[in-house]
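A quick write-up on the structure given underneath.
Convention: sequence-line order gives letters A, B, ...; per-chain numbering from 1. It should be emphasised that the depicted structure is a prediction, and the values quoted were computed from it without experimental measurement.
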Amino acid sequence: MKVLKLYKNDAELIEKASKNYRDAQHLLYKKHAPKMLSICRFYIKDLQQAEEVMLNGFFKIFKQLETFKNEGSFEGWMRRIMVRESISYLRKKNQFEFSAEDMDLYDKPIIHDTTELDIEEVQLLIDKLPQGYRIVFIMFAIEGYKHSEISALLEISVSTSKSQLFKARKLLQQQMKQLNTTGNGIN
Amino acid sequence: MASIKFEEQVKKTLEQRKITPSSDSWNALAKKLDNHEKKKNKTAIWWKAIAAIFIGVLFSLPLFFNTKENIVKPVIVDVNEKPVLKSEEPILIKNEEEQILIALEKPIKKEVNSVQKSNFRKEVDQPVASKEIYATIKGTDNVSSKHTVENLNFKIEEITEEVAHVKQVEVAKISDIDTEVMLLLEAAKKAVAIQKNKNNFRKSIDADALLWSVENNIDMSLKDEILLAVKSGYKTLSVAYEKRNK
């Protein structure tokens with residue numbers, strides 16, 4: 001019953017927000033903005049820029065709220081808009097590059113257990129990745145996009161998407177090794 | 001396997017993360033939304049104004065054109081040729097008498113019409129004359145009243161005489177016309193009778209008549225000439241004898 005009531009409240013909130021009720025829009029923003037900012041932050045290193053992108057994303061969400069039908073997840077719909085907004089922002093800023101460094105594709109990366117890593121460390125590791133690697137890795141590993149979807153969104157080939165993911169993993173392995181050795185050295 | 005485990009771990013940790021936006025972020029967004037709303041309203045107002053103007057023009061156009069039509073253009077209608085009067089239609093005439101009678105009717109009608117027109121003209125002239133009289137009366141205010149009355153009487157007499165004369169002339173004309181008509185009718189009847197005879201003669205050929213007409217043209221023989229001389233001598237002798245006895 002509680003879930004249903006919550007859903008009903010959410011639906012009412014969305015309906016009111018779609019009719020330009022500013023209070024309802026504020027409530028929606030309050031509820032979803034932290035999560036959406038976190039998503040934008042995956043793609044954009046600078047928090048201020050990520051916030052700007054998130055605001056643009058919310059502006060589009062409120063503009064297009066009439067088109068949203070309560071058939072799927074509202075949060076999923078919002079996430080997709082935020083991802084697209086982040087990608088278009090990076091494209092506009094010319095930060096959209098896919099490095100073509102030669103790597104041994106047959107050499108499978110072995111990443112050690114990360115139970116000890118906290119959120120900030122994980123974000124740091126991801127931020128250290130080149131732009132192309134990072135975007136493909138987040139879209140594939142965290143957002144759950146398929147290679148075909150990534151290639152369509154980023155306007156790259158599927159093989160490029162696969163290679164970028166492989167390279168990201170490889171680089172992360174190296175970084176983890178480095179982190180572990182430095183950690184051990186420190187300890 | 002290890003890489004997949006690592007990715008799942010990263011996903012879990014990142015999913016839990018929430019970054020609170022700055023306090024002004026909502027105000028900035030609200031401002032942006034308000035501006036958009038204003039623009040939207042403005043465009044809506046423009047569209048409504050354009051629609052209203054269009055509807056106004058649409059309604060006023062027929063009124064404008066209607067008034068124009070009322071004032072200016074008379075409609076020109078193509079009408080077929082005048083229907084020919086029955087009397088003027090060609091009639092198949094069987095008899096010559098009827099033909100002549102119809103031929104005679106036309107001038108008679110024309111003449112009668114001319115007489116009527118002339119009468120009408122005279123009648124129109126009469127009020128003009130009375131107007132002249134009225135003008136003379138007005139013009140001669142200074143002259144003595146007796147003199148004017150005499151003049152008027154004289155003029156009235158003249159006019160009545162003229163009218164009577166005209167009437168007589170008209171009557172005479174009408175009688176002349178009647179006699180003319182009668183004469184023409186008779187002439188026509190005669191012509192028809194001659195024509196009939198001719199036609200009859202042509203239709204039935206008489207042998208005796210033919211012989212008779214031919215015999216006049218043949219030269220007389222000696223015997224006939226002697227007989228004719230005897231006859232004439234006998235006649236002269238008998239006449240002389242009778243004269244002597246008397």
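Interface residue B:E37: only side-chain heavy atoms are found under 4.5 Å from chain A. Both the backbone and the side chain of A:F59 come within less than 4.5 Å of a heavy atom of chain B. Residue contact with chain B, scored on non-hydrogen atoms closer than 4.5 Å, is absent for A:I39. Looking at A:F137, the atoms closer than 4.5 Å to chain B (heavy atoms on both sides) all sit in the side chain, from C-beta outward.
Contacts with chain B were tallied for A:M36, A:E143, A:R79, A:K30; A:R79 has the most, counting heavy-atom pairs under 4.5 Å.
Within the model, atoms CD1 of B:I19 and CE of A:M54 stand 10.0 Å from one another, a figure rounded to the nearest 0.5 Å. Between the CZ atom in A:R41 and the CZ atom in B:R17 there is a gap of 6.0 Å [rounded to 0.5 Å]. Atom CG of A:N56 and atom NZ of B:K32 lie 3.5 Å apart (nearest 0.5 Å). Put simply, CG on B:L33 and CG on A:L55 are 10.0 Å apart, with the number rounded to the nearest 0.5 Å.
Close approach to chain B, defined as a heavy atom under 4.5 Å from one of its heavy atoms, is seen in A:N20, A:R22, A:Q25, A:H26 of residues 18-27 of chain A, taken by number.
A centroid separation of 6.0 Å or more is found between the aromatic rings of B:H36 and A:F62.
Counting only N and O atoms by type, the side chains of B:S25 and A:E51 include no donor and acceptor under 3.5 Å apart.
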ask   = Taking it one step at a time, do A:I126 and B:L14 satisfy side-chain contact (heavy atoms from CB on, under 4.5 Å)?
value = CA-CA 11 Å; A:I126 292 167; B:L14 286 177; 3.6 Å; yes
